[in-house]
Amino acid sequence: MATRWGICSAGKISHDFLVALETLPAQDHQAVALAARELKRAKDFAQSHNIPKAYGSYEELAKDPNIDIIYVGVLHTLHRDAVLMFLQNKKNVLCEKPLAMNSTEVGELTSAARKNNVFLMEAVWSRFFPVYEKIRTLLSQKAIGDVKVVRAEFGSNQYDVPRSVQKELGGGALLDIGCYCIQFALMVFNGERPESVTAKGFLYETGVDETVTIILQYPGKRQAILTCTIMVAMPNQAAICGSKGMIQVPSYMWCPTSIIFNGKETKFSLPPSTKSMNFTNSTGLSYEAEHVRQCLLKGLKESPIMSLKDSELLANIMEEVRKQLGVKYSQDTA
Ligand SMILES: NC(=O)c1ccc[n+]([C@@H]2O[C@H](COP(=O)([O-])OP(=O)(O)OC[C@H]3O[C@@H](n4cnc5c(N)ncnc54)[C@H](OP(=O)(O)O)[C@@H]3O)[C@@H](O)[C@H]2O)c1
């Protein structure tokens, strides 16, 4: 039986997600309904992706009984309300990163998922790329010995993207792209909470973080040094340095197609598509879609690779970083 996907929003990432779904076998994945704030846009978007049902409100999608899981691709600021509504309507949810605006909101969502006994995963698609799978295998084999230093960076000029710079749209480098660097370190250190989080950075004129460098420090002389910026492009690489060797992830560290292990490079090819997409390597979204299908087939309520605990820790660290930088959103009460 195919996994029946409902899609929440007719935006840029929803388009890419749908193109990625189309690269997977139709007997495994089907987009069956789409909701947007306006019915006309929902209908046009659904038609362009051969989706049979279109709704002019997210509520109608929440009430549709013929859906196995909803993919949420609205702006970060809208994640909390949309996801909560879906969970309360007993829908499984895959929600774009960041799961919500702050730790409190993330806690509300993880609690609601547990309470309603439904599946919830933050769409940290990076973790399902073959390169990330290879990293996890190498680390579990202790192939580079004891990991001491992790580096990751994500920088691109995004001043022309309203949701990246406007505070009321949840703008800022950290929530948009810094989350990829932090999740990388958290994966390498196996979900361990750092003993300290130190951040330095600059704010943009709108009051959102423009450039941030974070040091996560762990017991046993271990560190992660992470930089994100919406100001300039960076090499966008990552490295994991251990007592017996090194793993390097060439650009783009959040959606990589190659890995260098002790100087030897292995390349992977992405699922092909002839359709145009909004973001880099987006057919790789199919890896997380297939992972979610496998979780649902097993009756899991969270992913073993991107767990609810991982999302909670990621949110805690981002909140601490924002506190140190002085970035506060209307959603932050404390
Ligand atoms: N995994 C990835 O690679 C990746 C890449 C890019 C973005 N993302 C994440 O995906 C989410 C959406 O990003 P995007 O680039 O797709 O955004 P987008 O196209 O600008 O907007 C997505 C949707 O949000 C709603 N929306 C936009 N502006 C709004 C406003 N002013 N008021 C109310 N609703 C508004 C719209 O929903 P309707 O269609 O219902 O009107 C829109 O289609 C973000 O959380 C982002 O972090 C992930």
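Order of appearance sets the numbers: ligands from 1, and atoms from 1 within every ligand.
Residues lining ligand 1 at a heavy-atom distance below 4.0 Å are given as Ser9, Ala10, Gly11, Lys12, Ile13, Ala36, Arg37, Arg41, Tyr58, Gly73, Val74, Leu75, His76, Leu78, His79, Glu96, Lys97, Trp125, Arg163, Leu169, Asp176, Tyr180, Phe279, ordered by chain and residue number.
Aromatic pair Phe154/Tyr252: ring centres not closer than 6.0 Å.
Looking only at distances, no side-chain donor or acceptor of Lys200 sits under 3.5 Å from a matching main-chain atom of Ile214.
Under the 30°/60° scheme for interplanar angles, the aromatic rings of Phe129 and Trp125 are found to stand perpendicular.
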For residues 276-292, please give each side-chain donor-acceptor pair under 3.5 Å, one per line with the distance, not counting sequence neighbours.
from   : atom 1 : to     : atom 2 : distance (Å)
Asn278 : ND2    : Lys12  : O      : 2.9
Asn278 : ND2    : Asp16  : OD1    : 3.4
Asn281 : ND2    : Cys255 : O      : 2.8
Ser282 : OG     : Asp16  : OD2    : 2.6
Ser282 : OG     : Phe279 : O      : 3.3
Thr283 : OG1    : Pro271 : O      : 2.7
Ser286 : OG     : Thr283 : O      : 2.7
Glu290 : OE1    : His29  : NE2    : 2.8
Glu290 : OE2    : Gln294 : NE2    : 2.6
His291 : NE2    : Ser303 : OG     : 2.8

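With 3.5 Å as the limit, one finds no donor-acceptor pair spanning the side chains of Asp81 and Tyr58.
A salt bridge does not link Asp146 to Lys244: none of the charged nitrogens lies less than 4.0 Å from a carboxylate oxygen.
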